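The structure appears below as structure tokens.
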Amino acid sequence: MTNIQTGKCQCGDICYSLHKNKIISAHHCHCKDCQRATGSGKATIIFIAKKHVDLIGEPKYFESKGTSGSHVRRGFCPNCGSGILSYTKELPHILFVKAGTLDDSSWVKIDSNFFTKSANDWNKPDESIKCFDGNPSIMSGLKSILKSFT
């Protein structure tokens, strides 16, 4: 089995590959910001250092202030509108790849749920994995923790 995984937007104008063995973690985020950005009950995101992702094509970025106050830049295909990745301006070397854009996401293991206090009754968090009411406490020190992964 290969460690290289691929993904793309709906129309295929933006494609990427990433090194599966370099994934930091994967999470469901139930914050209102992610709900609005996805049009769903949550965003499923894979944390990975930017240097382990090869991107073909130019996403368009939209910036907003996230639920926790960080400046979130969401990259999407300017042709079909598919959200592909995001990152925070405060931590630009870590990408949050949208798991639904992977060509094969069967290998993704979700580590936790963020912002469960914002989850909708129609999309409740999976309580068999770790749940955080907001950002986990490690998120406040994320810059120093994640430097070892870059």
Side-chain angles (χ1 to χ4, degrees), residues 5-12 14-50 52-53 55 59-150:
Q5 297 293 315
T6 59
K8 62 184 173 292
C9 65
Q10 186 69 24
C11 71
I14 298 180
C15 304
Y16 65 87
S17 61
L18 57 80
H19 299 266
K20 181 171 82 168
N21 60 336
K22 300 294 185 175
I23 298 294
I24 298 167
S25 56
H27 309 273
H28 293 311
C29 184
H30 297 268
C31 77
K32 289 295 183 189
D33 194 47
C34 282
Q35 289 177 30
R36 286 186 186 97
T38 63
S40 185
K42 64 180 174 285
T44 302
I45 52 178
I46 296 169
F47 287 29
I48 187 168
K50 184 177 183 178
H52 299 302
V53 177
L55 190 63
K60 183 173 182 176
Y61 288 92
F62 175 78
E63 184 175 318
S64 63
K65 193 168 187 180
T67 302
S68 63
S70 59
H71 297 88
V72 181
R73 299 203 74 217
R74 288 185 171 76
F76 59 94
C77 175
N79 185 48
C80 68
S82 296
I84 301 159
L85 56 88
S86 57
Y87 66 92
T88 63
K89 282 178 80 173
E90 294 79 8
L91 199 62
H93 59 288
I94 302 296
L95 295 180
F96 311 129
V97 175
K98 309 304 181 214
T101 64
L102 287 162
D103 292 327
D104 173 18
S105 61
S106 63
W107 56 271
V108 176
K109 180 189 174 297
I110 304 302
D111 297 300
S112 69
N113 294 288
F114 297 169
F115 289 97
T116 57
K117 67 181 177 189
S118 304
N120 294 295
D121 287 341
W122 49 266
N123 192 0
K124 293 186 184 283
D126 176 357
E127 293 183 1
S128 70
I129 58 178
K130 185 75 176 162
C131 293
F132 298 95
D133 284 345
N135 264 344
S137 60
I138 63 163
M139 295 299 280
S140 62
L142 197 56
K143 286 182 185 180
S144 60
I145 292 168
L146 294 180
K147 281 185 183 178
S148 63
F149 292 100
T150 60

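These numbers come from the heavy atoms of this one structure, side chains and all, not from hydrogens, waters or symmetry mates. Everything quoted here is computed from the prediction, not taken from an experiment.
- In this structure, His30 and Pro125 have side chains that are in contact, with non-hydrogen atoms separated by less than 4.5 Å.
- With sequence neighbours excluded, the residues satisfying side chain to side chain contact (heavy atoms under 4.5 Å, CB included) with Thr44 are His28, Lys42, Ala99, Ile110.
- The salt bridge (charged side-chain N to carboxylate O under 4.0 Å, His left out) search around Asp126 returns none, not counting sequence neighbours.
- Residue pairs that meet the salt bridge (Lys or Arg N to Asp or Glu O under 4.0 Å) test with at least one member in residues 112-124, sequence neighbours left out, are Asp121-Lys124.
- Inspection of the Asn120 and Gln35 side chains reveals an N or O donor paired with an N or O acceptor under 3.5 Å.
- Residues satisfying the side chain to side chain donor-acceptor pair (under 3.5 Å) test with Ser112, not counting sequence neighbours, are His27.
- In this structure His71 satisfies the side chain to side chain donor-acceptor pair (under 3.5 Å) test together with Glu90, sequence neighbours excluded.
- Shown here are the side chain to side chain contact (heavy atoms under 4.5 Å, CB included) partners of Ser17, two or more places apart in sequence or in another chain: Ile4, Thr6, Asp54.
- Residues forming a salt bridge (charged side-chain N to carboxylate O under 4.0 Å, His left out) with Asp111 (at least two apart in sequence, or on another chain): Lys109.
- Residues passing the side chain to side chain contact (heavy atoms under 4.5 Å, CB included) test with Pro92 are Tyr87, sequence neighbours excluded.
- Taking the side chain to side chain contact (heavy atoms under 4.5 Å, CB included) definition, one finds that Leu18 meets it with Gln5, Tyr16, Ile23, Ile48, Val53, Val97, Leu102, Trp107, sequence neighbours left out.
- Sorted by first then second residue, the salt bridge (Lys or Arg N to Asp or Glu O under 4.0 Å) pairs that include residues 28-37, not counting sequence neighbours, are Asp33-Arg74.
- A side-chain donor-acceptor contact under 3.5 Å links Ser86 and Lys98.
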**OP:** Before giving the answer on side chain to side chain contact (heavy atoms under 4.5 Å, CB included), spell out for Asn135 and Phe115 the whole-Å C-alpha distance, their side-chain angles and the decisive distance to 0.1 Å.
**Re:** CA-CA 6 Å; Asn135 264 344; Phe115 289 97; 3.2 Å; yes
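- Among residues two or more places apart in sequence or in another chain, the ring-ring contact (aromatic ring centres under 6.0 Å, His included) test is passed with Phe76 by none.
- Within 6.0 Å of CD in Gln10 there are 12 or fewer heavy atoms belonging to other residues, nucleotides or ligands.
- Residues forming a ring-ring contact (aromatic ring centres under 6.0 Å, His included) with Phe62 (at least two apart in sequence, or on another chain): none.
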